[in-house]
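Note that the structure is a prediction, hence the values are computed from the model and not measured. Lettering of chains follows the sequences in order, A, B, ..., and the numbering in each one begins at 1.
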Amino acid sequence: MLQIRGLAASINEKPILRGIDLTVPAGEVHAIMGPNGSGKSTLGYVLSGREDYVVTAGTVTFNGVDLLGMKPEERAAAGVFLAFQAPIELPGVNNANFLRTALNAIRRSHGESELDAVQFLKLARAEAKRLAMPDDMLRRNVNVGFSGGEKKRNEVLQMAILRPKLAILDETDSGLDIDALKIVADGVNALRGPDFSALVITHHQRLLDHLVPNRVHVLAQGRIVRSGGPDLARDLEKSGYAGLVPEAA
Amino acid sequence: MNAPVSLGAAGFLARYDAARHLLSGDPSVRDAAAEAFRRSGLPGGTSARRPEAWKYTSLRPIAETALQSLADDRDVSALLARVPALDSPLVVFVDGRFRADLSNPPAGFSTFAKQPEFGDLARPDRDPMTALNTMLAEDGARLRIAAGGDAGVVRLVSLATGAETLHPRHVLHLEPGARLTVLDVSIGDGTYLHNPVTEAHVGADAHLIHVRLQDESADAFHLATLYVDVAAAGTYDGFTLNLGGRLTRAEFHVGLTGAAAVAHLNGAQLLTGTQHADFTSVVRHAEPHGTSRQTVRNVLAGRSRGVFQGRIEVARGAQKTDGYQMNQALLLSPDAEIDSKPELEIFADDVKCSHGATVGELDAEQLFYLRSRGIPDQEARALLVRAFLQEGLDDVTDARIHAIMEASVQGWWDRQSAQAITERANATKAVGA
Amino acid sequence: MPAATETIDTVQALADTGYKWGFETNIEMDLAPKGLNEDIIRLISERKEEPSWMLDWRLKAYAAWLKMPEPDWAHVTHPPIDYQDLHYYAAPKKKAGPKSLDEVDPELLAMYEKLGIPLKERAILAGVEPDENERPPIAVDAVFDSVSVATTFRETLSKSGVIFCPISEAVRDHPDLVKQYIGSVVPVADNFFAALNSAVFTDGSFVYIPKGVRCPMELSTYFRINARNTGQFERTLIIAEAGSHVSYLEGCTAPQRDENQLHAAVVELVAMDDASIKYSTVQNWYPGDAEGRGGIYNFVTKRGACRGARSKISWTQVETGSAITWKYPSCLLLGEDSVGEFYSVAVTTMHQQADTGTKMIHVGKGSTSTIVSKGISAGKSNNTYRGLVRILPSAKGARNHTQCDSLLIGDQCGAHTVPYIESRNPSAKVEHEATTSKIAEDQLFYCRQRGLSEEDAVNLIVNGFCKEVLKELPMEFAVEAQKLLAVSLEGSVG
């Protein structure tokens, strides 16, 4: 489903990713771990098309199409969803309105009919309920005045409604209590299926307890330095990254 | 020059016509300034409509005051005693004339009298008081700090003894990387007009701290116009404390003409009686990545009137500008007035500019809190006013100068506060009854 | 169910670009000769069958106007206006004033239909209201060039004592009311354009809400400039007696033309004890073309007097049109605890210039005012907020809060904020805040990551930016205003 070959990217001419090779087959969940500053968030931004990151080498294909040639909204329509590490506030923009606009834009691009307000609210309320989120979350402005945990849960709600094919979760678990963590994991697990993959960027094993990954990759200094099964995450929890990170160049 | 002077703009022009052949410097510059002044007059000096820049300040009181020179050689020892003590070079002007005998000038010092050059920042064509100064300037300080040099603190002092009008022309020139702190003090006795024009050139990476202490006599007019040019990564850090004078105005024109230049234009005005003080500034961001910061606080007692006009201009292309401006006023008396016009004029899109203004009396909850802890009403008020001012003075970072400013505020306070607070307390009582 | 109504789904329906209200209507016109002099004023007065006191009042205004200079302080520039090169009276030809809608020229009805303005009472009454919260119908006064062509629901309104009619009719039918109030809020010589309006105004709406009456429906006026080389000078007067309440809406459009047209209206509002007037405007006059040719000069004086205790006047405006806008809807807060509000969205694109804001004059004890201004500049336009808050010594305990935010889209436009704050009462509290910024890159990216196109993302963010103001509009207008914002900003992005 997702094939990354030799991907290098920089911001403000500073190289961050230095040749990433990664394949995520359909239906699999892969975890990305690694020390701070290793390029984990950059990978999420580059895959979703943030324009201040410049791709300097490599290719990314997603279900056979070249992802790097697409605008952010085209990638979203193709099924790429990034759960932001720090979700953005949109003052005055009501959450439900925002999500309906997004959902209908994506549906339109697939030639599907748009949902009217009533249909949408029915869907959104059902998802909110399933994720144990209060109804008023939909009425409030996007992320404005949300607590850290609410913002993260709002990202999961958006994901549940937009039903992406590839979800990239950028430290969605950080700062969450154990109940909220479970909601996040449940949100991803509910989408799991043959057509859904996820890249889960995290520092902690505890999310992976609820969201068992098929593969775990360690990113350091812009490269994947180690890959393995779910056990790798548990080993890292014990021994840290010390043995894995190459000496500073 | 001891002949009685006719009033208003005509008086100044007559004086210029009489003295023209005696004045040094380029006569064409003086003539052009005289022509501009003939057209503009003193804003408010006639029935003609005042220009927008003078919306809240009329110079009619100047136009109606006979400003006559007094006998020469007056004793200045009392005034000298009021010059802030500081172990630093000292430049003293008495009635607008440099006095070498009273001074201890730093390296790089000269005078306008010796070098009568008009700079290129001043705008006599646009600004009437600058036109008047350009027409009549005879002396002033010229200070040049060589590249990379640190000149420490220099005290620039104007003592006025009641002689008619002073039009000093000062130039501060900081070459790249130079550093200088100027403590600019204006004090005096009697009735006079002090109309200084200052040009400050702040070179690349240079840093000028300019602390102005205006404590003129109660009958004085003080109209200072300052033109500042800041080159790339240079900083102009200005603070003005307005305490004295009957009618005063500090008018700044600051151009941030190099990338990442910085200007701070802070100030505080403490007014009582029928004082009128005007703080006017224009900061023009001409290049990207500039920063400007401005907080001006007003404490207004009696029948005083405070004016704040501040404009931030961001030119097309001056992206990433960061501008902030705040004007706060505490009205302590039912007869005081504040007029505030904080203005943004922005022609670039990637900028962060904001301004704010708050006008009101002391916070009732704070006051109650203090009183509930046993502090009497008047003391509590005094405490809060002082706290409000203290925050402003914190913008003066040099500890020695900070202490001087605090002492000046204390002096003002000792002279005025009892009266101001009594007035306020009576007003409250009257309304409460 | 706010979530259902707060949608921007109509944006797609308006995807084609350009000014959509630019068509011209072919109607046989009765035009006064060009130029302005006493004879023209006499002619206007005669056509309107006015009493002599009205003519005298006009002539007095004209005499004052002749002596006044044109104002030059606004942040706008335009070539000098030749006041002798305009028609001061233009009206559709007809026998007598239409007594009912059936008599209105079908071409005109068709035009208003095209503009989406409901002039047919039957249609509205029988209309299928989709919303569950049963909105009452809206009464409309339609002003076409110089005259009012139709006013709907007059009979329904008159049952509750509300007078809603063209002002020219009020001059004849309710002379005492008009005489008492006209020029009492905006004196004839208040300013250059108000004086001009007082001399030559041709029509506009008159509203009188009797004591204690809550006006049973929204009142609205649609203004349309059609004829070439005409000035439109309408005059609106709204009087809300003690304890009454009225919500009034106005909308404006004009055909697309290369020359500039002058619109100099005067609106006067009077609110007595406990009365409240809500005045909403969606201004969409023709803004000129991409090169800055043509468009309306919108020089308007709007002022309300809160005369009574606890009276309230609330101005809401969405300004997207006009080549130049010069207007400062103001409140004179005379009554104790009176309330003034000003909510404004001003969008400028292309070469548009807007200098708009408000004046809040606090005289009454405990009077409060709120100002929320959202300026959006794009293209090569200039957008200025200019506002005055004045606290007089009598206004003990007065409060003002002002929030002015500017959003810049593109680096060729300008956004300016010019507040004047004058306080002469220590117990008054005035707060002013202003910010200027552009749409944050991370906000745009966030929206696009969720699948929104850049343009939709900008619309969404701009609508969010304006939300505080848009929520003050009656619902129908809010939807229309959202569409207008989207259309106005089309092509400004990227």
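- Using a 4.5 Å cut-off between heavy atoms, A/Asn104 makes no contact with chain C at all.
- More than 12 heavy atoms of other residues, nucleotides or ligands lie within 6.0 Å of CZ in A/Arg107, so this atom counts as buried by the packing criterion.
- The two residues C/Gly451 and A/Ala105 make their nearest non-hydrogen contact at O-CB, 3.4 Å.
- The aromatic rings of C/Tyr446 and A/Phe84 lie perpendicular to each other, with more than 60° between the two planes, well past the 30° mark.
- Separating the OG1 atom in A/Thr101 from the CG atom in C/Leu452 is a distance of 6.0 Å, to the nearest 0.5 Å.
- Heavy-atom contacts from other residues, nucleotides or ligands closer than 6.0 Å to CG of A/Asp66 number more than 12.
- With a 4.5 Å cut-off on non-hydrogen atoms, A/Glu74 does not touch chain C at all.
- The parts of C/Cys447 that come within reach of chain A are both its backbone and its side chain, each placing non-hydrogen atoms under 4.5 angstrom from that chain.
- Note: C/Ile461 CD1 to A/Phe98 CZ = 8.5 Å, rounded to the nearest 0.5 Å.
- Both the backbone and the side chain of A/Arg50 come within contact range of chain C, judged by heavy atoms closer than 4.5 Å.
- Residue A/Val80 touches chain C through both its backbone and its side chain, counting heavy-atom pairs closer than 4.5 Å.
- Distance CG/A/Leu90 to CD1/C/Ile439: 10.5 Å, rounded to 0.5 Å.
- A 6.0 Å sphere centred on NZ of C/Lys429 holds no more than 12 heavy atoms belonging to other residues, nucleotides or ligands.
- Within a 6.0 Å sphere centred on NZ of C/Lys374, heavy atoms belonging to other residues, nucleotides or ligands number more than 12.
- Nearest heavy atom pair, residue C/Leu460 against residue A/Val93, reads O-CG2, 3.3 Å.
- Other residues, nucleotides and ligands contribute only 12 or fewer heavy atoms inside 6.0 Å of the NZ atom of A/Lys129.
- Nearest heavy-atom pair across A/Leu162 and C/Arg450 is CD1-CD, 3.7 Å.
- By the 4.5 Å heavy-atom criterion applied to side chains, C/Arg448 and A/Glu51 are counted as neighbours.
- Counting heavy atoms from C-beta outward, C/Gln443 and A/Pro91 have side chains that approach closer than 4.5 Å.
- The structure places CD of C/Gln449 at 10.5 Å from CD of A/Glu73, a figure rounded to the nearest 0.5 Å.
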